[in-house]
Amino acid sequence: QVQLVESGGGSVQAGGSLNLSCAASGPTISRIYMAWFRQAPEMEREAVAVIRRSTGSGTYAESVKGRFTISQDNAKNTVYLNMNNLKSEDSATYFCAASKSFYGARIPFSTVDYDYWGQGTQVTVSS
């Protein structure tokens, strides 16, 4: 069983930065992809960034490209989301997720692609 624990959320002014961490436990075979999703009030949960554990290759939502960076430290079983130039529209609860399935050439960007979820960490950006 995979367990995910996020940390690093908080409040920041627009233009600022935050770094989120996701500490994972459980078999690595069940963590083929790791991702960050976010959900604002009354909005659907959306993918922000995905990283394939074996390659470290990251893929991003258009809305965060050039501002967010997903990375991993496999020795620490931790995935990070570095967020720069934050905007008010980035305010949301951010969730870490893990997928145990391999999707070939498709990057898993849907909530249904993921099997394990963290409890979320709140990010608030004030303008």
Side-chain angles (χ1 to χ4, degrees):
Q1 183 75 7
V2 173
Q3 292 188 323
L4 305 171
V5 180
E6 303 98 333
S7 61
S11 297
V12 65
Q13 289 194 328
S17 300
L18 280 174
N19 293 300
L20 305 183
S21 298
C22 172
S25 61
T28 57
I29 197 172
S30 296
R31 293 183 267 134
I32 295 177
Y33 300 92
M34 298 289 293
W36 287 96
F37 284 74
R38 66 186 180 188
Q39 187 169 21
E42 301 183 3
M43 301 290 286
E44 291 195 358
R45 192 170 296 189
E46 62 174 1
V48 172
V50 176
I51 190 166
R52 184 172 166 183
R53 190 179 184 281
S54 62
T55 65
S57 174
T59 306
Y60 301 90
E62 285 296 325
S63 59
V64 306
K65 272 185 182 177
R67 300 188 298 121
F68 290 13
T69 303
I70 189 170
S71 62
Q72 62 185 6
D73 184 334
N74 288 341
K76 295 183 178 180
N77 288 310
T78 301
V79 175
Y80 305 95
L81 186 68
N82 177 250
M83 305 186 293
N84 295 314
N85 191 21
L86 282 161
K87 305 176 181 180
S88 56
E89 52 262 42
D90 294 319
S91 295
T93 301
Y94 282 70
F95 297 90
C96 180
S99 174
K100 61 183 179 182
S101 300
F102 177 65
Y103 293 100
R106 182 173 76 83
I107 304 299
F109 247 71
S110 172
T111 55
V112 299
D113 295 328
Y114 290 84
D115 306 285
Y116 308 100
W117 294 86
Q119 82 289 350
T121 186
Q122 180 66 39
V123 171
T124 303
V125 184
S126 57
S127 56

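Residue numbers run from 1 in the order of the sequence given.
The two residues S30 and V2 come nearest to each other via the heavy atoms CB-CG2, 3.6 Å. Among all heavy-atom pairs drawn from Q72 and G56, the shortest one is NE2-CA, 3.5 Å. In plain terms, the two heavy atoms of A47 and A61 that are nearest each other are O-CB, 3.5 Å. Minimum heavy-atom separation, L20 to M83: CG-CE, 3.8 Å.
Partners of S25 according to the side chain to side chain contact (heavy atoms under 4.5 Å, CB included) rule, which considers only residues two or more places apart in sequence or in another chain, are Q3. In this view, T69 and Y60, N82 satisfy the side chain to side chain contact (heavy atoms under 4.5 Å, CB included) rule, not counting sequence neighbours. For R38, the salt bridge (Lys or Arg N to Asp or Glu O under 4.0 Å) partners are E46, D90, not counting sequence neighbours. Residues that satisfy the ring-ring contact (aromatic ring centres under 6.0 Å, His included) test with F102, not counting sequence neighbours, are absent from this structure. Taking F95 as the reference, nothing meets the ring-ring contact (aromatic ring centres under 6.0 Å, His included) condition, with sequence neighbours excluded. Evaluation of the side chain to side chain contact (heavy atoms under 4.5 Å, CB included) rule for N77 yields T28, R31, R53 as partners, not counting sequence neighbours. For A40, the side chain to side chain contact (heavy atoms under 4.5 Å, CB included) partners at least two apart in sequence or on another chain are M43, A92. Partners of E89 by side chain to side chain donor-acceptor pair (under 3.5 Å), not counting sequence neighbours: none found.
The list of disulfide bond (SG atoms under 2.5 Å apart) pairs with a residue in residues 81-127, not counting sequence neighbours, reads C22-C96. The ring-ring contact (aromatic ring centres under 6.0 Å, His included) pairs that include a residue from residues 7-37 are Y33-Y103, F37-Y114, F37-W117, where partners are two or more places apart or lie in different chains. Contacts classified as disulfide bond (SG atoms under 2.5 Å apart) and involving residues 47-86 (residues at least two apart or in different chains) are not found.
Between V50 and I70, the closest side-chain pair of non-hydrogen atoms is not below 4.5 Å.
A donor-acceptor pair under 3.5 Å links the side-chain atoms of T78 to the main chain of K76, judged by distance alone. A distance-only check finds a donor-acceptor pair linking the side chain of E6 to the backbone of Q119 [under 3.5 Å].
At a threshold of 4.5 Å between side-chain heavy atoms, the hydrophobic network of Ile, Leu, Val, Met, Phe, Trp and Tyr places L4 and F109 in two separate groups.
Atom CD1 of I51 and atom CD1 of I107 lie 11.0 Å apart (nearest 0.5 Å). Rounding to the nearest 0.5 Å gives a distance of 9.0 Å between CG of N74 and OG of S54. Taking NZ of K100 as the start and OH of Y116 as the end, the distance is 4.5 Å to the nearest 0.5 Å. Rounding to the nearest 0.5 angstrom, the gap separating the CG atom in L86 from the CZ atom in R67 is 6.5 Å. With rounding to the nearest 0.5 angstrom, the OG atom of S17 is 9.5 Å from the CZ atom of F68. Atom CD1 of residue I32 and atom CG of residue D113 lie 12.0 Å apart, to the nearest 0.5 angstrom.
Clustering of Ile, Leu, Val, Met, Phe, Trp and Tyr by side-chain heavy atoms under 4.5 Å joins Y80 with none of the others.
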